[in-house]
Amino acid sequence: MVRENVHKAFWDILESELNDDPPEYGQAIRLLEEIREILLSFLNPGANRMRTQIMEVLDMDLIRQQADNDAVDIQGLASYIITTMGKMCAPVRDEEIKKLRDSTDNIATMFREIFRVLDLMKADMVNFTIDNLRPVLQKQSVEYEREKFQSILEKTPGALDHTTAWIKSTLDELLPATIPTQQTNGQGKGQRAKPGPFQVLNAAFLHILTWDYDKSPLPETWMTDETRLREIQWQLQQCQAVNEVLLIVYSTIGGPIQGLSSLSDRLKRMTSVLLDGMHSPNFKMEEALEGVSAQICCELNKSLTERNYPTLTPALQATLTGQICSITQKDNPIRTLVEDRVQQYFMILICDPKPQAKLEQVPAGLTAIKPELALMGAKFISMVNYNKTVYGPFYADIIRKLMFSSSPPATNPPQDTAQDSVTTT
């Protein structure tokens with residue numbers, strides 16, 4: 001509020017000075033000089049022609065002389081500035097430039113809008129620079145982290161024990177499903193292929209998403225990401241619970257509330273608020289779900305009454321409440337269904353070489369939380385890809401030792417195994 005009041009006072013003073021008779025141009029000239037420096041900062045080193053033009057049109061000495069003789073064409077200078085901004089801005093700002101050109105406000109308001117758009121253009125320039133530098137910075141960051149971890153590993157031989165246990169547990173889960181117990185003629189005929197390295201690693205990454213921090217420590221290669229992982233996990237648990245509640249509501253009530261997007265949004269927001277903080281140790285899930293059930297029944301009765309439908313009977317409300325509260329049970333079918341499909345969604349993202357194209361493609365039954373899933377999916381995949389890039393060599397060595405410790409690998413195993421695993425995933 002202080003900042004807004006100071007800014008308002010500044011622009012009010014400028015407007016008052018320009019409306020004086022004769023006008024006072026001192027403040028306006030200082031703004032023109034600042035605008036000139038901002039425009040010059042946007043230019044590439046080789047843009048000498050435009051640089052010269054800007055310096056000639058926004059010649060501060062000449063403008064001051066004109067101001068002394070009350071001959072400054074502020075409107076013309078503002079028009080030139082807007083035109084120059086239009087040449088420099090990103091396409092996404094074209095609409096803002098059009099609004100400036102069409103503006104019929106006074107000069108002070110126009111200056112204020114010019115500075116607002118210039119701030120947007122400065123942010124665009126910073127983002128453009130970051131995007132160009134990102135590959136270089138990421139490469140240096142990957143090499144730095146890998147070298148640091150290697151130095152730790154050389155000093156502490158057991159620095160990968162938890163990581164090895166994490167990958168081994170994943171491999172143990174996959175082996176029974178990929179290798180049958182019987183072999184033919186003792187030569188392995190009919191034996192299915194072992195899980196490929198990529199398959200093992202992708203499944204391990206999926207386990208990280210639902211990691212139980214109380215049972216086992218996080219793998220060493222994920223330690224620096226623990227805070228972000230926990231946040232994603234908490235958000236995912238809440239979204240799953242919200243989705244489970246909505247599925248129960250719509251499957252129980254049926255037709256009278258189908259196709260009402262506004263009602264669905266209200267129920268979703270209300271449930272999200274009441275389940276906020278459900279990861280906290282002091283959070284009482286059963287009580288929260290009872291509150292959710294009561295609020296949902298009130299909202300449903302209100303909606304049904306407005307559309308001349310009969311309200312929910314006490315028996316139906318009790319049934320709905322019981323089903324909603326039952327999602328605290330791990331074997332609840334709705335809970336199992338939602339968790340399985342969420343796992344399916346994230347596994348598709350992990351395995352796909354272009355996961356960005358899959359973010360919006362959520363499995364059936366998860367449409368209610370699609371925006372949240374897409375956001376969490378983008379964050380998690382970004383972390384996974386970076387982690388894979390940094391620690392890939394360490395993972396490859398662990399998987400090779402685990403998979404071929406009892407029997408030596410075949411000729412050129414990395415290429416063969418990689419190809420098998422790509423086909424599998």
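Salt-bridge check for R116 with E113: passed, with a basic side-chain N closer than 4.0 Å to an acidic carboxylate O. With respect to R400 and D397, a salt bridge is recorded, a charged nitrogen being found less than 4.0 Å from a carboxylate O. Taking a cutoff of 4.0 Å between a charged side-chain nitrogen and a carboxylate oxygen, D94 and K98 do not qualify as a salt bridge.
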Exercise for review: Dump the intermediate steps for side chain to side chain donor-acceptor pair (under 3.5 Å) on S141 and Y386, then the final yes or no.
Suggested key: CA-CA 10 Å; S141 175; Y386 185 76; 2.4 Å; yes
**Study point:** Audit row: R230, Q233, side chain to side chain donor-acceptor pair (under 3.5 Å) steps and yes/no
**Key:** CA-CA 5 Å; R230 283 180 180 267; Q233 188 181 91; over 6 Å; no
Check your understanding: Between L236 and F380, does a side chain to side chain contact (heavy atoms under 4.5 Å, CB included) hold up when you go through it step by step?
Key -> CA-CA 11 Å; L236 185 58; F380 184 66; over 6 Å; no
Practice item. Take E339 and Q240, measure what side chain to side chain contact (heavy atoms under 4.5 Å, CB included) needs, and give me the verdict at the end. Key: CA-CA 7 Å; E339 290 178 352; Q240 288 178 167; 3.8 Å; yes
Practice item. Evaluate the side chain to side chain contact (heavy atoms under 4.5 Å, CB included) criterion for residues M110 and I82: first the C-alpha distance (whole Å), next the side-chain angles of each, then the deciding distance (0.1 Å), finally the verdict. Key: CA-CA 10 Å; M110 183 175 292; I82 294 170; 4.2 Å; yes
Exercise for review: Evaluate the criterion side chain to side chain donor-acceptor pair (under 3.5 Å) for residue pair T109 and N106; output intermediate values, then yes/no.
Suggested key: CA-CA 5 Å; T109 302; N106 57 43; 2.8 Å; yes
Check your understanding: Should L14 and I107 be marked as a side chain to side chain contact (heavy atoms under 4.5 Å, CB included) after you check the CA-CA gap, both sets of side-chain angles, and the distance that decides it?
Key -> CA-CA 9 Å; L14 176 65; I107 296 298; over 6 Å; no
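Distance alone, capped at 3.5 Å, is enough to place a donor-acceptor pair between the T328 side chain and the C325 backbone. With T83 contributing its side chain and S79 its backbone, the two residues share a donor-acceptor pair below 3.5 Å. No donor-acceptor distance shorter than 3.5 angstrom exists from the side chain of S264 to the backbone of L260, with no hydrogens or angles considered. Panel note: side chain D124, backbone C89; no donor-acceptor pair is recorded below 3.5 Å. In this structure a side-chain-to-backbone donor-acceptor pair under 3.5 Å is missing from N243 to C239. R146 contributes a side-chain N or O that, together with a main-chain N or O of T389, makes up a donor-acceptor pair within less than 3.5 Å. Formation of a donor-acceptor pair under 3.5 Å by the R93 side chain with backbone atoms of M85 is not found in this model. No donor-acceptor distance shorter than 3.5 angstrom exists from the side chain of S303 to the backbone of L300, with no hydrogens or angles considered.
You'll find the side chain of V57 stays beyond 4.5 Å of the side chain of I81, heavy atoms only. Between I38 and M121, the closest side-chain pair of non-hydrogen atoms is not below 4.5 Å. Residues V338 and R341 have side chains not in contact (no heavy-atom distance under 4.5 Å, counting atoms from C-beta outward). Counting heavy atoms from C-beta outward, F111 and I74 have side chains that approach closer than 4.5 Å. Annotation: side chain of P393 is not in contact with side chain of Q150 (no heavy-atom distance under 4.5 Å). Taking 4.5 Å as the limit, some side-chain heavy atom of I324 sits within range of a side-chain heavy atom of V249. Residues S216 and W166 are not in side-chain contact: their nearest non-hydrogen atoms beyond the backbone lie 4.5 Å or more apart. Residues E34 and R30 fail the side-chain proximity criterion, which asks for heavy atoms closer than 4.5 Å.
Across all their heavy atoms, Q238 and S272 have their closest contact at NE2-O, 2.9 Å. Minimum heavy-atom separation, E15 to A108: CB-CB, 3.7 Å. N202 and C351 get closest at one heavy-atom pair: ND2-SG, 3.5 Å. For C297 against L320, the heavy-atom pair with the smallest separation is SG-CD2, 4.1 Å. The two residues A241 and M285 have their closest heavy-atom pair at CB-CE, 4.2 Å. Minimum heavy-atom separation, L359 to A378: CD2-N, 3.6 Å.
Between the CZ atom in F205 and the CZ atom in F198 there is a gap of 11.0 Å [rounded to 0.5 Å]. The NZ atom of K330 sits 7.0 Å away from atom CZ of R335, with the distance rounded to the nearest 0.5 Å. We find the CD1-CG distance between I257 and L267 to be 7.0 Å, quoted to the nearest 0.5 Å. Here CD1 of I296 is found 8.5 Å from CG of L274. Values are rounded to the nearest 0.5 Å. How far CG of L402 is from CG of L171: 6.0 Å, rounded to the nearest 0.5 Å. Between I248 atom CD1 and L289 atom CG the span is 8.5 Å, to the nearest 0.5 Å.
The side-chain hydrogen bond (donor to acceptor under 3.5 Å, both in side chains) analysis of residues 355-375, with sequence neighbours excluded, yields the pairs K268-E372.
With sequence neighbours left out, F394 forms a ring-ring contact (aromatic ring centres under 6.0 Å, His included) with F149.
Heavy atoms from other residues, nucleotides or ligands lying under 6.0 Å from CZ of F10 number more than 12. Remark: K168 NZ is loosely packed, at most 12 non-hydrogen atoms of other residues, nucleotides or ligands lying under 6.0 Å away. By the 6.0 Å contact criterion, CE on M223 is open, its count of non-hydrogen atoms from other residues, nucleotides or ligands being 12 or less. The local environment of CZ in F283 is crowded, with over 12 non-hydrogen atoms from other residues, nucleotides or ligands closer than 6.0 Å.
Between the side chains of Y391 and E220, no donor-acceptor pair is found at a separation under 3.5 Å. For the residue pair S262 / D265, no side-chain donor-acceptor distance below 3.5 Å is found, with atom types taken as modelled.
Between W234 and H279, the angle of the ring planes stays under 30°, which puts this pair in the parallel group of the 30/60° scheme.
Of the listed residues (N332, D331, T321), just one forms a side chain to side chain donor-acceptor pair (under 3.5 Å) with S326, and that residue is N332.
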